[in-house]
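Reading through the structure tokens given below for one structure.
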Amino acid sequence: MAIYEILNRKVDARKDGDACLFNGYLEDYLNLKDGEIETNFKESLEKVLQAEPDIKICVCLHSSVNTTAISNQIIRYKDIFKLNGKPLVIPYILYLEKNGEERAIIISDDKDYGYIYAKGIYYCMTEPSGEFIDCKNELVAIDAKQEIILQVLNQLFTSKAGSIQRNIDCEYFHNYDELKATAITAADVLRQEALQNLPNIEDRTDSIYHYITNWFLLKKVLYVQYMVNKNILYKVHNNNIKKQRNQAKLNSEEIEILSFSEMWRIPMCDDQIQSSESIAV
């Protein structure tokens, strides 16, 4: 099944579905959420709509994580097993059908590290046994920068998705080491954010899910991006795939995290404790 058909079947919250928050024409989304969308991103979506009036958008699509890969220790991250349901939330997917072809754009709106998170989402969506395994050549992953969105939209049906993705990769990272350094920094930002925010939150479930899945995306990118690099295989590991795989695992383990239990054990701040006690009384 192609990407447009799969996404078009997702039932959103407006119809009492739990697959996503919104799924429908971009024009309807912009009208419905007017005033709720961040200004720069809204301007980008408006320009997308001008270029492609029939384009659709899926917002906050919930997706499962392939725990089989984790249990096989491809990526060692046991905390992902502790998350129920479909914990991975895909911020935005623009999708379109034109002249019998179907294409989609995954967009992460993280301000500083959107591109690397989008890549992680793509790898999770298109891995073996996944729902989108047959859509690898119909998807491009990007951040929310307006020039990138419009650039990809313009090329979506004239160039192969893989070629578009590789060109964007080169715009962001000159080599794997740069990608790795960025992922490690992004992971540290998450850790600092968690330590700052969690003491102020009584019900931490959603926040903890967010942190764990995002650390997982960073691990996923470091592992897969290393494994698909043929130059590294030949020049660094002398065509020994086992050595490359082992190093890919080590790379993913450089993502420093807070464990599931650690995040629950972080003490609440005094104001939050007092608020909880007031509600109880």
Side-chain angles (χ1 to χ4, degrees), residues 3 6-7 9-13 16-23 57-93 104 106-111 113-133 135 139 141 143-144 183 186-198 200-224 249 252-253 255-266:
I3 189 68
I6 294 174
L7 291 172
R9 294 183 178 188
K10 301 296 182 183
V11 182
D12 66 27
D16 295 324
D18 59 2
C20 54
L21 288 183
F22 180 94
N23 188 27
I57 188 170
C58 186
V59 180
C60 291
L61 175 66
H62 288 268
S63 180
S64 57
V65 174
N66 184 356
T67 53
T68 302
I70 305 160
S71 64
N72 288 338
Q73 294 190 339
I74 291 175
I75 296 176
R76 301 182 182 97
Y77 191 25
K78 62 183 180 180
D79 281 348
I80 206 77
F81 284 107
K82 300 174 183 177
L83 308 186
N84 299 318
K86 296 182 175 182
L88 182 61
V89 180
I90 304 167
Y92 301 95
I93 307 177
I106 302 164
I107 301 177
S108 169
D109 58 342
D110 185 88
K111 182 179 178 181
Y113 304 102
Y115 185 63
I116 202 166
Y117 285 124
K119 292 276 288 185
I121 291 169
Y122 170 83
Y123 288 139
C124 286
M125 288 176 68
T126 59
E127 63 188 352
S129 78
E131 184 179 14
F132 298 91
I133 179 60
C135 306
L139 281 162
D143 61 17
D188 187 58
V189 168
L190 281 178
R191 289 175 69 251
Q192 298 306 317
E193 180 186 309
L195 290 169
Q196 180 178 349
N197 292 343
L198 289 176
N200 302 302
I201 303 172
E202 183 177 3
D203 184 357
R204 303 175 179 181
T205 303
D206 289 345
S207 295
I208 290 175
Y209 272 47
H210 166 76
Y211 293 125
I212 289 176
T213 53
N214 275 276
W215 279 318
F216 178 72
L217 291 177
L218 296 173
K219 286 176 172 286
K220 189 79 172 178
V221 168
L222 288 192
Y223 180 86
V224 178
K249 292 178 183 179
S252 70
E253 289 170 8
I255 296 299
E256 294 188 19
I257 65 167
L258 294 172
S259 71
F260 184 85
S261 58
E262 280 181 300
M263 287 189 283
W264 276 113
R265 288 199 305 266
I266 295 174

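In this chain, numbering begins with 1 at the start of the sequence shown.
E131 and K10 are joined by a salt bridge, as a carboxylate oxygen and a charged side-chain nitrogen come within less than 4.0 angstrom of each other.
The distance from atom CH2 of W264 to atom OG1 of T205, rounded to the nearest 0.5 Å, is 3.5 Å. Interatomic distance, I107 CD1 to Y115 OH, rounded to the nearest 0.5 Å: 13.0 Å. Taking CG of L88 as the reference point, atom CG of L61 lies at 8.5 Å (rounded to 0.5 Å). The structure places CH2 of W215 at 9.0 Å from NE2 of H210, a figure rounded to the nearest 0.5 Å. Rounding to the nearest 0.5 Å places CG of L21 at 11.0 Å from CD1 of I57. Of the inter-residue distances, the one linking S63 atom OG with I121 atom CD1 reads 9.0 Å to the nearest 0.5 angstrom.
Between D110 and D143, every side-chain heavy-atom pair lies at or beyond the 4.5 Å cut-off. Contact check for V224 versus E127: no side-chain heavy atoms found under the 4.5 Å cut-off. Counting only heavy atoms from C-beta outward, the side chains of L83 and F260 approach each other to under 4.5 Å.
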| task | Would you sort out whether I257 and Y211 count as a side chain to side chain contact (heavy atoms under 4.5 Å, CB included), showing the intermediate values? | result | CA-CA 9 Å; I257 65 167; Y211 293 125; over 6 Å; no
| message | Assess the residue pair V89 and Y209 against the criterion (side chain to side chain contact (heavy atoms under 4.5 Å, CB included)); give the C-alpha distance rounded to whole Å, side-chain angles, the decisive distance to 0.1 Å, and a yes or no. | response | CA-CA 10 Å; V89 180; Y209 272 47; over 6 Å; no
| Where do Y92 and I106 land on the side chain to side chain contact (heavy atoms under 4.5 Å, CB included) test, with the steps shown first? | CA-CA 6 Å; Y92 301 95; I106 302 164; over 6 Å; no
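Taking the side-chain hydrogen bond (donor to acceptor under 3.5 Å, both in side chains) definition, one finds that S64 meets it with nothing, sequence neighbours left out. A search for salt bridge (charged side-chain N to carboxylate O under 4.0 Å, His left out) contacts involving R265 returns nothing, not counting sequence neighbours. By the side chain to side chain contact (heavy atoms under 4.5 Å, CB included) test, E256 pairs with R191, sequence neighbours left out. The salt bridge (charged side-chain N to carboxylate O under 4.0 Å, His left out) search around K82 returns D79, not counting sequence neighbours. Considering only residues two or more places apart in sequence or on other chains, D12 meets the side-chain hydrogen bond (donor to acceptor under 3.5 Å, both in side chains) condition with R14. For Y122, the side-chain hydrogen bond (donor to acceptor under 3.5 Å, both in side chains) criterion is met by no residue, not counting sequence neighbours.
One N or O on the side chain of N23 and one on the backbone of L7 form a donor-acceptor pair closer than 3.5 Å.
When each of L190, L217, L222 is tested with I255 by the rule side chain to side chain contact (heavy atoms under 4.5 Å, CB included), just one qualifies, namely L222.
Pairing each heavy atom of S108 with each of P91, the nearest pair is CA-CG, 4.1 Å. Taking each heavy atom of I80 and V65 in turn, the nearest pair found is CG1-CG1, 3.9 Å. Heavy atoms only, all atoms of each residue included: I90 and M125 are closest at CD1-SD, 3.6 Å.
A cation-pi arrangement is absent between K220 and Y123, since the terminal nitrogen or guanidinium carbon is not both under 6.0 Å from the aromatic centre and inside a 45° cone about the axis.
In D18, the CG atom is not crowded: 12 or fewer heavy atoms of neighbouring residues, nucleotides or ligands sit closer than 6.0 Å. Summarising the local packing, CD of Q192 is surrounded by more than 12 heavy atoms from other residues, nucleotides or ligands at distances under 6.0 Å.
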